[in-house]
Enquirer: 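Take a look at this one; I'll ask things after.
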Amino acid sequence: MDMVITGKVLVYDDNIDTDIICPGRFLELNESKDIANVAMSGIDSNFPEKAKTHSIIIAGKNFGCGSSRDHAVRALKYSGLKAVIAQSFGRIFYRNALNLGLLVIISKDARNIFNDGESGKIDLTKGKITNMDKIITVDSDVISEEEFKVYEQGGMIQIYKQN
Amino acid sequence: MSDIKGKAIVLNMNNVSTDQIFPGQYVNLTDPNEIAEHVLEGADKSFKNRIKTGDILVAGNNFGCGSSREQAVITLKEAGFAAVIANSVGRIWYRNAINLGLPVLICEGFVNQVEEGDEIEVNLKEGIAKNSSKGTIAKGNAISDFVLNIFANGGIKPMMKSKILSK
Amino acid sequence: MHALEKILASHAEKDVVTTGEIIKAKVDLAEVNDLYLQTIYSFYEMGGKKVWDKNKICFVFDHYAPAPTIKTAQIHKEMREFVQKNNLTHHFDINTGVCHQVMHEAGLVYPGMILVATDSHTTTHGAFGAFGTGVGATDMATIMISGELWFRVPEIVEIEINGKLRPGVMAKDVILYILGKLGADACVYKAIEFCGTYIEDLDVAERMVICNMAVEMGAKTAYMVPNQKILDYIKTRTNKEFEIYDTDEDFVFAENFVFDINNLTPQIAVPHSVDNVVSIDQLPEVRIDQAFIGACTGGRLEDIQAAAEILRGQKINPRTRLVIIPASNEVLLNAIKFGFIEDLIKAGATLSTPGCGPCLGAHQGVIAEGENCVTASNRNFPGRMGSTGGSIYLASPATTAASALMGKLTDPRTFLKGENI
Amino acid sequence: MHAIEKIFAQKANVERVKAGDRVWADVDLTVNVDLYRTVLAEFENLGGTKIKYPERVAFTFSINAPAPTIQSASNEKDMREFAYKHGIHLFDINTGVVQQVLMEAGLVWPGTISIATDSHATILGALGAVGMGVGAVDLAASMIKGNIWFRVPEIIKINIDGELQPGVMAKDVILKVLGELKQDVAIYKAIEYTGSAVRNMSLSSRMVLCNMAVELGAKTSYIQPDEKVIDFLGSRVTRTYEIPTTDPDFKYAEEYSLDVNQLVPQVACPHNVDNVCDLDDVPKKPVNQCLIGTCTGGRLEDLAIAAEILKGRKINAKTRLIVIPASKEIYLKAMELGYLRDLIEAGATVTNPGCGPCLGAHMGVLAPGEVCVTASNRNFSGRMGSPQAELYLASPATVAATAIEGILTNPRGYLKSQQRS
């Protein structure tokens with residue numbers, strides 16, 4: 001995995017819950033591509049299309065609150081997203097993201113410097129997030145070495161596999 | 001009403017029910033195009049691909065038996081069938097076909113004289129089905145003037161409408 | 001003339017009607033169920049503004065009760081709006097039950113009437129001496145506008161059923177047996193009168209089972225001469241006056257069939273056709289994944305009682321689901337009162353809300369590919385209850401209960417405790 | 001150490017743990033719900049062939065129960081076959097909501113760690129157990145190894161003192177807490193509830209507090225077990241267990257307190273659980289659907305108060321009331337006590353135990369533009385069907401009173417008893 005990630009961003013508000021990310025009626029789906037097709041359908045039915053050109057979500061606080069459904073993480077990961085940056089995350093969502101290898105980064109300020117469609121850069125080791133269009137940089141939590149290893153291997157699932 | 005001509009699509013099975021023509025899981029659909037997507041899915045998942053607009057469905061005994069769902073007619077009509085010929089057909093389905101203006105000829109045994117793709121001609125008034133490719137003719141039930149009139153008007157809806165408007 | 005012809009004639013303001021004639025008849029009650037939002041669309045499409053009579057149209061929400069999807073919720077919403085806009089007197093919402101049960105419970109069904117519904121099993125009401133028939137949305141919209149409908153006067157077939165059933169054998173076995181003998185297309189476009197010593201003394205619920213499945217032979221309608229039990233039942237439900245029409249002595253039926261049921265055994269319609277019927281003892285072992293007791297065919301109090309009597313104090317097979325859906329809230333309340341529901345739930349049944357349940361694969365027990373389901377409902381067409389790769393076996397409620405107990409198709413007579421089931 | 005830390009330490013087989021530690025801890029109960037067919041795929045993906053402790057693993061089918069679609073039927077079929085093959089506990093469609101049936105079955109006791117593909121596993125804190133929601137990967141890993149990694153959480157104390165007014169329920173308390181502290185107050189943390197109001201609450205009421213701890217973001221929750229817990233576990237748990245206690249010198253990460261003496265009924269307005277107001281301050285609009293049920297509001301005391309309010313009354317003609325007991329045990333008890341009869345007679349639609357429409361799977365999905373007042377736990381946009389529907393969270397008493405009037409209604413005037421609930 002790269003230490004620096006770049007891509008166009010999609011910006012969302014606080015409390016984007018799992019019913020927004022993957023509504024309950026779709027939980028019978030099993031295939032990753034089917035789940036990805038309904039990603040964010042609670043708020044934006046064009047998301048799967050947008051995800052082809054945008055690779056970073058920037059959100060407010062409590063992103064992924066709600067259910068334990070890891071369909072929510074799968075939906076985002078398999079729609080091609082590289083990372084989600086939020087002011088805070090729902091606990092189970094965060095855990096599921098780590099398990100499945102969807103990069104999740106906590107930043108208090110990133111939400112304030114981006115608009116939809118702008119280009120972002122994430123420097124994982126330095127804990128910096130930059131709006132490349134406006135050239136503004138803010139801090140993020142630094143990913144611990146331990147967590148970075150987890151991501152690098154594709155999530156906890158790969159580590160479980162090796163054990 | 002003039003003769004109807006088209007290529008045969010053969011479904012030589014008996015008791016093809018409305019659940020096969022249009023499965024229950026879709027009965028909440030109301031958009032005709034969406035309804036057409038699932039035509040005869042219960043009999044053959046890929047049936048839709050066999051149909052071209054203007055084709056004639058040739059079926060066996062008791063075609064359309066079962067429930068009263070009108071989509072079992074709409075799906076055939078919207079999928080492109082110009083007419084249905086069968087040995088016999090379910091009563092409610094038949095009624096719905098008349099009401100929606102899908103011509104139906106009841107013609108015992110015709111299905112055994114037809115292969116997929118044969119050129120078919122139907123004369124509803126005389127109750128005659130002709131297989132032009134094989135040069136065979138079969139006599140079925142002649143359609144009454146009452147029903148012919150409904151077919152000629154494209155179903156009962158336009159008739160009711162003009163009746164209400166004329167009041 | 002036959003009583004059915006007299007009903008048609010009186011509603012067409014004619015003295016005489018003859019077979020094959022097309023007439024226009026007034027409809028006494030038109031029922032729309034929740035599969036038929038299209039009816040409202042067609043109503044407006046044809047220029048309808050107000051319904052012809054707000055007391056004679058009844059809406060019943062039974063197939064999707066409570067709504068399993070957004071789309072079906074939307075259907076209910078639009079239909080409710082229509083009901084409210086037209087101020088319809090009779091609206092049975094999701095808290096009532098199956099149309100063919102709630103209508104007669106509410107006193108809307110009586111001898112000599114014409115009842116048209118957007119449901120093929122409207123033949124059920126022949127049990128009450130009514131002319132009941134199913135139509136599609138366009139016909140229904142026509143009635144809602146005009147109160148009338150065109151009918152072709154049908155040929156009438158007589159099916160005489162004589163004898164007395166043995167314990168453990170039910171009306172469902174009788175009609176399955178007849179279906180097996182005559183075939184699924186025996187009576188297409190025709191009407192059936194059921195008569196004979198078996199029918200004459202038959203209870204309300206059992207009469208309804210026989211008439212209900214007349215449509216599986218293709219029939220336009222079914223008829224039974226109302227007996228005292230029917231008249232007593234109607235009296236508890238409505239004060240409405242009605243006329244019972246007699247069939248003329250010289251009437252000639254298009255066909256006659258006679259059946260003796262004295263030695264009848266439990267019957268099963270095996271996949272995938274309603275007329276593919278065999279006696280239960282002729283079948284090899286069939287594993288059962290789901291058993292269903294309910295719907296307009298097998299969800300009445302008598303059916304639930306039959307199941308409770310077999311399952312009381314027992315546990316169903318751990319690898320079999322038993323879904324029970326009473327035909328109406330009244331049936332449910334009575335079944336609670338008599339302790340049947342307690343018996344069934346303790347035995348492991350899943351007791352869901354009154355309605356049509358999984359009968360047509362809408363919800364509440366859809367079956368997967370490769371699963372076998374035995375059911376007291378009425379159709380075993382491929383895909384009827386879900387996957388086209390599932391197999392549906394039609395049977396009586398008693399057979400269904402016994403099969404749930406053993407996890408395989410089972411003759412209920414094995415579990416008979418008393419003289420009567 | 002806190003009782004929760006002691007539980008983690010014991011299960012991780014270490015002397016001490018503190019907040020922020022990562023530990024591998026043994027899992028006493030690993031629970032998968034029917035939405036997670038993906039667990040089977042992950043099990044395979046992780047190279048799983050055997051389950052380490054089959055007696056510690058349970059599958060529960062309560063969401064798509066009975067199956068509403070072919071896909072869900074097929075998912076359940078695969079999961080059943082897996083359960084049979086591996087000899088794990090299977091709570092099939094005839095049992096009820098996940099954690100409720102596990103608690104009733106005696107699979108949870110003080111001092112245990114449970115994980116579930118169910119975020120409301122926090123409810124187990126009411127029994128002095130650690131319950132946490134996880135995804136499919138963790139679940140599959142735990143099935144294979146019997147342990148997974150945990151981050152030991154910081155612990156927040158919420159002290160609730162005072163006596164509730166009649167008609168004010170635990171649901172109102174937790175909604176008030178949500179409104180005050182907001183839905184992200186406890187992310188990654190655990191919550192302990194203390195105080196006189198909590199001590200005086202029934203065990204079922206405490207379950208409501210712990211259930212909705214997850215709506216505050218919490219990893220898990222805890223209430224120090226007392227006689228009420230021991231009574232409940234009574235004959236259900238036959239093994240001996242130790243009740244962990246918190247050391248007097250333990251320092252909470254944060255402490256909050258709430259006095260509930262003057263608390264009035266609360267409502268969480270669309271579309272956030274922390275968008276909470278006093279009921280009387282919420283603008284009154286017509287309510288299309290009311291729901292009493294689920295893991296939050298479907299226990300016996302919830303049905304009891306609803307029956308008390310609705311007995312002898314009728315629900316509003318334009319409002320539906322869906323009632324879903326949380327488990328088979330609760331259904332049977334509510335039937336025995338006459339609650340179900342009272343509710344059905346008032347016009348309720350009572351379905352089989354399970355999750356019902358809470359997450360939009362079936363049994364009462366909402367159409368665009370509809371308004372629902374519900375005793376369940378989440379009012380997120382699209383949670384119960386259409387994203388254009390509005391969900392208001394309230395107590396079962398408020399929901400029952402609302403069903404009568406067809407607009408949000410304070411239950412106070414409808415209670416016959418003036419006992420404090």
Side-chain angles (χ1 to χ4, degrees), chain A residues 14-32 34-35 41-45 60-74 86-101 106 144 146 150 155-163, chain D residues 22 33 35-38 41-42 45-47 63-64 68-69 71-72 74-75 116-121 132-138 140-141 144-145 148-149 151 153 182-184 186-189 214-215 217-219 271-274 358-362 365 378 380-385 387:
Chain A
D14 293 344
N15 300 319
I16 296 297
D17 58 66
T18 51
D19 282 284
I20 288 174
I21 304 170
C22 184
R25 61 186 180 280
F26 300 122
L27 297 183
E28 64 181 22
L29 300 176
N30 297 318
E31 297 300 324
S32 298
D34 296 338
I35 298 171
S41 58
I43 200 169
D44 184 356
S45 54
K61 59 184 183 173
N62 210 17
F63 186 91
C65 59
S67 310
S68 58
R69 57 186 75 158
D70 53 10
H71 306 67
V73 171
R74 284 169 203 272
Q87 289 168 335
S88 62
F89 288 92
R91 184 195 70 83
I92 309 175
F93 180 91
Y94 189 87
R95 193 177 167 111
N96 287 336
L98 202 56
N99 279 336
L100 292 166
I106 297 170
S144 70
E146 197 182 356
V150 172
M156 276 303 287
I157 183 161
Q158 300 305 332
I159 294 168
Y160 282 134
K161 256 189 192 172
Q162 288 153 21
N163 294 343
Chain D
R22 274 174 203 265
V33 308
L35 292 181
Y36 286 80
R37 163 69 177 77
T38 45
E42 295 302 356
N45 190 13
L46 293 174
I63 298 153
N64 287 315
T69 61
Q71 183 63 58
S72 59
S74 167
N75 291 348
T117 46
D118 168 25
S119 57
H120 292 99
M132 290 163 290
V134 297
V137 176
D138 281 322
I144 296 167
K145 299 176 63 227
I148 61 168
W149 66 268
R151 179 184 165 281
K182 298 298 172 189
Q183 58 176 310
D184 56 348
I187 295 183
Y188 321 128
K189 298 169 187 160
V214 71
E215 310 313 334
K219 180 190 192 99
H271 294 285
N272 275 302
V273 286
D274 57 3
C358 173
L359 72 161
H362 62 156
V365 168
R378 287 187 181 138
F380 303 152
S381 167
R383 173 77 178 176
M384 208 180 280

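Predicted model, so just to flag it, every value in this text is computed and none were measured. A, B, ... follow the sequence lines: proteins, then strands. Residue 1 opens every chain.
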Enquirer: Could you check which of Ser72(D), Ala186(D), Cys358(D), Gly360(D) has the highest count of heavy-atom pairs closer than 4.5 Å to chain A?
Expert: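 If we count pairs closer than 4.5 Å to chain A, Ser72(D) comes out on top.
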Enquirer: Chain A heavy atoms under 4.5 Å from Asp138(D): which part of the residue, side chain, backbone, both or neither?
Expert: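 For Asp138(D), heavy atoms of backbone and side chain both lie under 4.5 Å from chain A.
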Enquirer: Considering all heavy atoms of both residues, which atom of Ser67(A) and which atom of Ser119(D) are nearest to each other, and what is their separation?
Expert: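 Scanning both residues completely, I find the closest heavy atoms to be CA-OG, 3.4 Å.
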Enquirer: What do the steps show when you test Ile148(D) against Met156(A) for side-chain contact (heavy atoms from CB on, under 4.5 Å), and what is the final call?
Expert: CA-CA 11 Å; Ile148(D) 61 168; Met156(A) 276 303 287; over 6 Å; no
Enquirer: Check whether the ring centres of Tyr94(A) and Tyr188(D) lie less than 6.0 Å apart, and answer yes or no.
Expert: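 That pair passes the under 6.0 Å test.
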Enquirer: With a 4.5 angstrom heavy-atom cut-off, which part of Ala218(D) approaches chain A: side chain, backbone, both or neither?
Expert: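 Ala218(D) touches chain A through backbone heavy atoms alone.
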Enquirer: Between Asn15(A), Asn96(A), Thr18(A), Asp14(A), who has the most heavy-atom pairs with chain D when the cutoff is under 4.5 Å?
Expert: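 Maximum pair count with chain D is reached by Asn15(A).
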Enquirer: So Lys219(D) and Ile92(A), do their side chains get closer than 4.5 Å, heavy atoms only?
Expert: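 In short, these two side chains do not touch, never coming nearer than 4.5 Å.
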Enquirer: Considering only heavy atoms, which portion of Met132(D) lies under 4.5 Å from any heavy atom of chain A: side chain, backbone, both, or neither?
Expert: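 Met132(D) touches chain A through backbone and side-chain heavy atoms alike.
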Enquirer: Please test Leu98(A) against Trp149(D) for side-chain contact (heavy atoms from CB on, under 4.5 Å), starting from the C-alpha separation and ending with a verdict.
Expert: CA-CA 12 Å; Leu98(A) 202 56; Trp149(D) 66 268; 3.8 Å; yes
Enquirer: Examine whether an atom of Arg383(D) lies under 4.5 Å from a heavy atom of chain A, and if so say whether it belongs to the side chain, the backbone or both; otherwise answer neither.
Expert: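 Both backbone and side chain of Arg383(D) come within 4.5 Å of chain A.
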Enquirer: Testing the basics here: between Pro387(D) and Gly42(A), what is the closest heavy-atom pair and its distance to 0.1 Å?
Expert: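 For Pro387(D) and Gly42(A), the tightest heavy-atom pair comes out as CB-O, 4.1 Å.
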Enquirer: Please state whether the side chain, the backbone, both or neither of Ile159(A) comes within less than 4.5 Å of a heavy atom of chain D.
Expert: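 Contact with chain D involves no heavy atom of Ile159(A) at all.
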Enquirer: Please list, chain by chain and in numerical order, all residues satisfying side-chain hydrogen bond (donor to acceptor under 3.5 Å, both in side chains) with Arg22(D), sequence neighbours excluded.
Expert: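 Result, side-chain hydrogen bond (donor to acceptor under 3.5 Å, both in side chains) vs Arg22(D): none returned.
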Enquirer: Using every non-hydrogen atom in the two residues, find where Gly385(D) and Arg25(A) come nearest and quote the distance to one decimal.
Expert: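 Looking at all heavy atoms of both residues, the closest pair is O-NH1, 3.6 Å.
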Enquirer: Working to the nearest 0.5 Å, report the span between CG of Asp19(A) and CZ of Phe380(D).
Expert: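 Nearest 0.5 Å value for the CG-CZ distance: 6.5 Å.
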Enquirer: If you count heavy-atom pairs under 4.5 Å between each of Gly47(D), Ala136(D), Gly217(D) and chain A, which one has the most?
Expert: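 Max contact count across the listed options: Ala136(D).
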Enquirer: By side-chain hydrogen bond (donor to acceptor under 3.5 Å, both in side chains), which residues pair with Thr38(D), not counting sequence neighbours?
Expert: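 For Thr38(D) there are no side-chain hydrogen bond (donor to acceptor under 3.5 Å, both in side chains) partners, ignoring immediate neighbours.
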Enquirer: Answer with side chain, backbone, both or neither: which region of Glu31(A) has an atom nearer than 4.5 Å to a non-hydrogen atom of chain D?
Expert: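 Glu31(A) has no heavy atom closer than 4.5 Å to chain D.
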Enquirer: Determine, step by step, whether Leu35(D) and Glu28(A) satisfy the side-chain contact (heavy atoms from CB on, under 4.5 Å) criterion, reporting the C-alpha distance in whole Å, the side-chain angles of both residues, the deciding distance to 0.1 Å, and the verdict.
Expert: CA-CA 6 Å; Leu35(D) 292 181; Glu28(A) 64 181 22; 6.0 Å; no
Enquirer: Could you check which of Val134(D), Ile144(D), Val214(D), Thr117(D) has the highest count of heavy-atom pairs closer than 4.5 Å to chain A?
Expert: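 Between Val134(D), Ile144(D), Val214(D), Thr117(D), the count favours Val134(D).
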Enquirer: May I ask you to decide if Gly66(A)'s main-chain N or O and Arg378(D)'s side chain share a donor-acceptor pair within less than 3.5 Å?
Expert: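 Answer holds: yes.
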Enquirer: Picking from Ile20(A), Leu27(A), Leu29(A), which has the most non-hydrogen pairs under 4.5 angstrom with chain D?
Expert: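 Going by pairs under 4.5 Å, I would pick Leu27(A).
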Enquirer: Output the option from Val33(D), Val137(D), Val273(D) having the highest count of non-hydrogen pairs under 4.5 Å with chain A.
Expert: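 Most pairs with chain A among the choices: Val137(D).
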Enquirer: Can you tell me how far apart NZ (Lys61(A)) and CD (Gln183(D)) are? Round to the nearest 0.5 Å.
Expert: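 One gets 7.5 Å once the value is rounded to the nearest 0.5 Å.
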Enquirer: Would you compute the distance between atom CD1 of Ile187(D) and atom OG of Ser88(A) and round it to the nearest 0.5 angstrom?
Expert: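 The OG atom of Ser88(A) is 3.5 Å from CD1 of Ile187(D), to the nearest 0.5 Å.
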Enquirer: Measuring heavy-atom distances to chain D, does Leu100(A) have an atom under 4.5 Å in its side chain, in its backbone, in both, or in neither?
Expert: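 The side chain, not the backbone.
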Enquirer: Just do the side-chain contact (heavy atoms from CB on, under 4.5 Å) check on Arg69(A) and Leu359(D) with the steps written out, would you?
Expert: CA-CA 11 Å; Arg69(A) 57 186 75 158; Leu359(D) 72 161; 3.7 Å; yes
Enquirer: Test salt bridge (Lys or Arg N to Asp or Glu O under 4.0 Å) on Glu42(D) and Arg74(A) and set out the steps.
Expert: CA-CA 13 Å; Glu42(D) 295 302 356; Arg74(A) 284 169 203 272; 2.6 Å; yes
Enquirer: With rounding to the nearest 0.5 angstrom, report the OG to CD1 distance, Ser381(D) to Ile43(A).
Expert: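 Interatomic distance, Ser381(D) OG to Ile43(A) CD1, rounded to 0.5 Å: 7.5 Å.
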